[in-house]
Engineer: 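Take a look at this one; I'll ask things after.
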Amino acid sequence: MEEPVKRIPTLFEWAGGMPAFELLTEKFYQKVLQDPLLEPVFKHMSTEHQRHVAHFIAEVFGGPEMYSTEEGSHFRMIQKHLGKHLTEQHRQRWVALLLETADEISLPDDPEFRSAFVAYIEWGTRIAILNSNAETLEMNPEEPMPKWGWGVPGGPYLG
Ligand code: HEM
């Protein structure tokens, strides 16, 4: 008899669903506000910021369309970075603290998941830095949210 085909989970599902993303950004922004380089950048952020970023990343990873339907859009997210004049040093610290937090909250650490996770974080943060050094935005406001998948490994190792 043929083996049933195993369904490949989304990155969102594999990470642990929305509670995992909300915990990640909650702990991450606690670190950000303790960090001498990043604290001045984020000290005026809204109280909703950490949840919005969690929902944004969750949606990119195949989760529910919470950010794009209730909280913002791809266009709005890009707009939030305009004119912030972020540097490569800011970006590297942001990435380092996020990955440190991912380990602390025990986000899955299998090679397949982490390579996809890091690839998106590298891509997203580099775009954020580029946009932060622009003052205006040439972008279709209806531009859909980015979608990220498993990349070359194609999915988690399921045995
Ligand atoms: C994958 C990378 C990133 C994602 C997905 C992301 C996502 C977001 C989102 C969704 C918002 C809007 C939050 C809201 O609606 O309240 C936002 C705002 C912002 N982001 Fe990012 N971001 C990324 C990288 C960065 C980096 C590297 C920095 C700086 C080191 C940064 C600095 C900011 C700042 C300063 C704001 C405005 C905060 C405020 O005053 O409300 N972001 N980001």
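Counting from 1, the numbers follow the sequence of the chain as shown.
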Engineer: Can you list the residues that meet the side-chain hydrogen bond (donor to acceptor under 3.5 Å, both in side chains) rule with H52, with sequence neighbours excluded?
Structural biologist: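 Per chain and number, H52 pairs via side-chain hydrogen bond (donor to acceptor under 3.5 Å, both in side chains) with no residue.
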
Engineer: What pairs meet the side-chain hydrogen bond (donor to acceptor under 3.5 Å, both in side chains) rule with one or both residues in residues 138-152, with sequence neighbours excluded?
Structural biologist: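 As it turns out, there is no side-chain hydrogen bond (donor to acceptor under 3.5 Å, both in side chains) pair with a partner in residues 138-152 once direct neighbours are skipped.
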
Engineer: Ignoring hydrogens, what is the shortest heavy-atom contact between L11 and A116? Give both atom names and the distance.
Structural biologist: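 Shortest heavy-atom contact: CD2-CB, 3.8 Å.
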
Engineer: What verdict does the side chain to side chain contact (heavy atoms under 4.5 Å, CB included) test give for F12 and E59, after you've listed the backbone C-alpha separation in whole Å, the side-chain angles of each residue and the deciding distance to 0.1 Å?
Structural biologist: CA-CA 8 Å; F12 169 80; E59 187 168 339; over 6 Å; no

Engineer: For H49, which residues count as a ring pair (Phe, Tyr, Trp, His ring centres under 6.0 Å) partner, sequence neighbours excluded?
Structural biologist: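 Partners of H49 under the ring pair (Phe, Tyr, Trp, His ring centres under 6.0 Å) test: Y29, F42.
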
Engineer: Flag yes if I127 and L98 sit in one hydrophobic cluster, no otherwise; membership is Ile, Leu, Val, Met, Phe, Trp, Tyr, and two members link when side-chain heavy atoms are under 4.5 Å apart.
Structural biologist: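 Yes, I127 and L98 fall within the same hydrophobic cluster.
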
Engineer: Only counting residues at least two apart or in another chain, list the ones meeting side-chain hydrogen bond (donor to acceptor under 3.5 Å, both in side chains) with W14.
Structural biologist: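 So W14 forms a side-chain hydrogen bond (donor to acceptor under 3.5 Å, both in side chains) with D110.
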
Engineer: Among pairs that include at least one residue of residues 34-44, which meet side-chain hydrogen bond (donor to acceptor under 3.5 Å, both in side chains), considering only residues two or more places apart or in two chains?
Structural biologist: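 Only D35-R93 qualify under side-chain hydrogen bond (donor to acceptor under 3.5 Å, both in side chains).
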
Engineer: To check you understand the geometry: which heavy-atom pair defines the closest contact between P19 and G16, and what is its length?
Structural biologist: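 Looking at all heavy atoms of both residues, the shortest contact is CD-O, 3.9 Å.
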
Engineer: Determine, stepwise, if the pair M45 / L33 fulfils side chain to side chain contact (heavy atoms under 4.5 Å, CB included).
Structural biologist: CA-CA 10 Å; M45 70 183 162; L33 292 178; 3.9 Å; yes

Engineer: How many angstroms lie between atom CD1 of I129 and atom NE2 of H81, to the nearest 0.5 angstrom?
Structural biologist: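 Here the rounded value is 7.5 Å.
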
Engineer: Stepwise, does the side chain to side chain contact (heavy atoms under 4.5 Å, CB included) test hold for F28 with L97?
Structural biologist: CA-CA 7 Å; F28 168 64; L97 293 182; 3.7 Å; yes

Engineer: Treating N133 as the side-chain partner and L86 as the backbone partner, does any N or O pair qualify as donor plus acceptor under 3.5 Å?
Structural biologist: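 It does hold such a pair.
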
Engineer: In terms of hydrophobic clusters joined by side-chain contacts under 4.5 Å, are W94 and L37 together?
Structural biologist: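 Per the 4.5 Å side-chain linkage, W94 and L37 are not co-clustered.
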
Engineer: Nearest heavy-atom pair of E112 and G155: which atoms, and what distance?
Structural biologist: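 Smallest heavy-atom distance, with atoms named: CG-O, 3.3 Å.
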
Engineer: Is there a chain of hydrophobic side chains (I, L, V, M, F, W, Y, each step under 4.5 Å between heavy atoms) that links M77 to L130?
Structural biologist: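 Different hydrophobic clusters.
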
Engineer: Is F117 linked to L158 within one hydrophobic cluster, defined over Ile, Leu, Val, Met, Phe, Trp and Tyr using a side-chain heavy-atom separation of less than 4.5 Å?
Structural biologist: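 Yes; L158 is reachable from F117 via cluster members.
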
Engineer: Which pairs count as salt bridge (Lys or Arg N to Asp or Glu O under 4.0 Å) when at least one residue sits in residues 63-77, sequence neighbours excluded?
Structural biologist: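 Listed by first then second residue: nothing to list.
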
Engineer: K27: which residues meet the side chain to side chain contact (heavy atoms under 4.5 Å, CB included) condition with it, sequence neighbours left out?
Structural biologist: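 Side chain to side chain contact (heavy atoms under 4.5 Å, CB included) check on K27 returns L23, Q30, T101, I105.
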
Engineer: Go through the structure and list residues passing salt bridge (Lys or Arg N to Asp or Glu O under 4.0 Å) with K84, not counting sequence neighbours.
Structural biologist: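 Once residues adjacent in sequence are excluded, K84 has no partner under the salt bridge (Lys or Arg N to Asp or Glu O under 4.0 Å) criterion.
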
Engineer: So do the side chains of L82 and E135 get within less than 4.5 Å of each other, counting heavy atoms only?
Structural biologist: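 In short, these two side chains do not touch, never coming nearer than 4.5 Å.
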
Engineer: Tell me if the CD1 atom of I8 is crowded by more than 12 foreign heavy atoms within 6.0 Å.
Structural biologist: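 Open: at most 12 neighbouring heavy atoms sit under 6.0 Å from CD1 of I8.
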
Engineer: Which residues pass the side chain to side chain contact (heavy atoms under 4.5 Å, CB included) test with P146, not counting sequence neighbours?
Structural biologist: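 With sequence neighbours excluded, P146 shows a side chain to side chain contact (heavy atoms under 4.5 Å, CB included) to F56, V60, H74, W123, given in chain and number order.
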
Engineer: Which heavy atom in M18 sits nearest to a heavy atom in P64, and how many Å separate them?
Structural biologist: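 Nearest pair, atom of M18 first, then P64: CE-CG, 3.8 Å.
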
Engineer: What distance separates H90 NE2 from T125 OG1, expressed to the nearest 0.5 Å?
Structural biologist: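 Result: 13.5 Å between the selected atoms.
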
Engineer: So, using salt bridge (Lys or Arg N to Asp or Glu O under 4.0 Å) as the criterion, who are the partners of E26 when residues are at least two apart?
Structural biologist: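 Applying salt bridge (Lys or Arg N to Asp or Glu O under 4.0 Å) to E26 gives none.
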
Engineer: With heavy-atom distances below 4.5 Å as the criterion, would you say the side chains of I57 and Y67 are in contact?
Structural biologist: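 The answer is no, as the side chains (C-beta and beyond) never meet within the 4.5 Å cut-off.
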
Engineer: Which residue pairs pass the side-chain hydrogen bond (donor to acceptor under 3.5 Å, both in side chains) test with at least one member in residues 113-122, sequence neighbours excluded?
Structural biologist: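 Of all non-adjacent pairs touching residues 113-122, those that pass side-chain hydrogen bond (donor to acceptor under 3.5 Å, both in side chains) are R91-E122, D103-R114, E122-R126.
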
Engineer: Are side-chain heavy atoms of P9 and P156 found at a separation under 4.5 Å?
Structural biologist: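 In contact.
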
Engineer: Of all residues at least two apart in sequence or in a different chain, which pass the salt bridge (Lys or Arg N to Asp or Glu O under 4.0 Å) check with E22?
Structural biologist: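 Salt bridge (Lys or Arg N to Asp or Glu O under 4.0 Å) check on E22 returns R51.
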
Engineer: State, yes or no, whether a side-chain contact exists between T87 and S132 at a heavy-atom distance under 4.5 Å.
Structural biologist: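 In short, these two side chains do not touch, never coming nearer than 4.5 Å.
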
